[in-house]
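Have a look at the structure below before the remarks.
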Amino acid sequence: QVQLVESGGGLVQAGGSLRLSCAASGRTFSNYAMAWFRQSPGKEREFVGRINRSTENTAYANSVKGRFTISRDNAKNTVYLQMNSLKPEDTAVYYCAADDLRTVGVRYDYWGQGTQVTVSS
């Protein structure tokens, strides 16, 4: 029902910033809560942040709170992850995912392909 395409990953020095984008297909983007996850070698996939329809409803993992900001532009069917004060431990493949708000409970049925973020010391 929704297709996700991610972009914005790359190589950055510690302390730098990157902005990831995730573009969704269709006209029903506002029906989905959007989230960012990340996974690095040897670690399980971890939750990064989530945003519902409104920018007032956001949540972040403690490891990124205060440094990362998630936002969305429903007119452009796009969700963003602004990453500031990056640390080497932020190095991972970052994925966006969509949760249909028309159903009860949290279930991410749609995923992007992932984009690599590498933070050097």
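Hydrogens, waters and symmetry mates are skipped; everything else that's a heavy atom, side chains included, is used. All values derive from a computational prediction rather than experimental measurement. Positions are given from 1 along the sequence.
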>> side-chain contact (heavy atoms from CB on, under 4.5 Å) for Tyr110 and Asp99? Distances and angles first, verdict last.
In response: CA-CA 7 Å; Tyr110 305 97; Asp99 166 28; over 6 Å; no
>> Between Met83 and Val117, does the side-chain contact (heavy atoms from CB on, under 4.5 Å) criterion hold? Intermediate values first, please.
In response: CA-CA 10 Å; Met83 305 183 293; Val117 172; 3.9 Å; yes
>> Could you walk me through whether Arg53 and Asn31 satisfy the side-chain contact (heavy atoms from CB on, under 4.5 Å) test, starting with their C-alpha distance in whole Å, then the side-chain angles of each, then the deciding distance to 0.1 Å, before giving a yes or no?
In response: CA-CA 7 Å; Arg53 288 188 179 91; Asn31 289 331; 3.6 Å; yes
>> Run the side-chain contact (heavy atoms from CB on, under 4.5 Å) test on Ile70 and Tyr80 for me, step by step, so that the C-alpha distance in whole Å, both residues' side-chain angles and the decisive distance to 0.1 Å come before the verdict.
In response: CA-CA 6 Å; Ile70 188 170; Tyr80 305 95; over 6 Å; no
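In this structure, the side chains of Tyr60 and Thr69 come closer than 4.5 Å at one or more pairs of heavy atoms. Proximity of Ile51 to Val79: side-chain heavy atoms (C-beta onward) are separated by under 4.5 Å at one or more points. Side chains of Ser71 and Gln82 form no contact here, defined as non-hydrogen atoms less than 4.5 Å apart.
In this structure, Arg72 satisfies the cation-pi test against Phe29, with its NZ or CZ atom closer than 6.0 Å to the six-membered ring centre and inside 45 degrees of the ring normal.
For Arg102, the CZ atom sits in a packed shell: over 12 heavy atoms of surrounding residues, nucleotides or ligands are nearer than 6.0 Å.
A side-chain donor from one of Tyr94 and Arg38 sits under 3.5 Å from a side-chain acceptor of the other.
The minimum heavy-atom distance linking Ser30 with Asn74 is given by the pair CB-ND2, 4.1 Å. Minimum interatomic distance between Val106 and Tyr108 (heavy atoms only, all atoms of both residues): CG1-CE1, 3.6 Å. Residues Ala61 and Phe47 approach most closely at CB-O, 3.3 Å, considering heavy atoms.
In this structure, Tyr95 has its ring center at least 6.0 angstrom away from the ring center of Phe37.
Remark: side-chain polar atoms of Arg67 are paired, donor with acceptor, to backbone N or O of Ser63 under 3.5 angstrom. Checking side-chain atoms of Thr78 against main-chain N and O of Lys76 turns up a donor-acceptor pair under 3.5 Å.
Expressed to the nearest 0.5 Å, how far CG of Leu86 lies from OG1 of Thr118 amounts to 10.5 Å. The distance from the OH atom of Tyr32 to the CG atom of Leu101 is 9.5 Å, given to the nearest 0.5 Å.
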Donor-acceptor pairs under 3.5 Å, side chain of residues 2-17 to any protein atom, not counting sequence neighbours: which ones?
{"residue": "Glu6", "atom": "OE1", "partner": "Gly114", "partner atom": "N", "Å": "3.1"}
{"residue": "Glu6", "atom": "OE1", "partner": "Thr115", "partner atom": "N", "Å": "3.4"}
{"residue": "Glu6", "atom": "OE2", "partner": "Cys96", "partner atom": "N", "Å": "2.5"}
{"residue": "Ser17", "atom": "OG", "partner": "Asn84", "partner atom": "OD1", "Å": "2.9"}

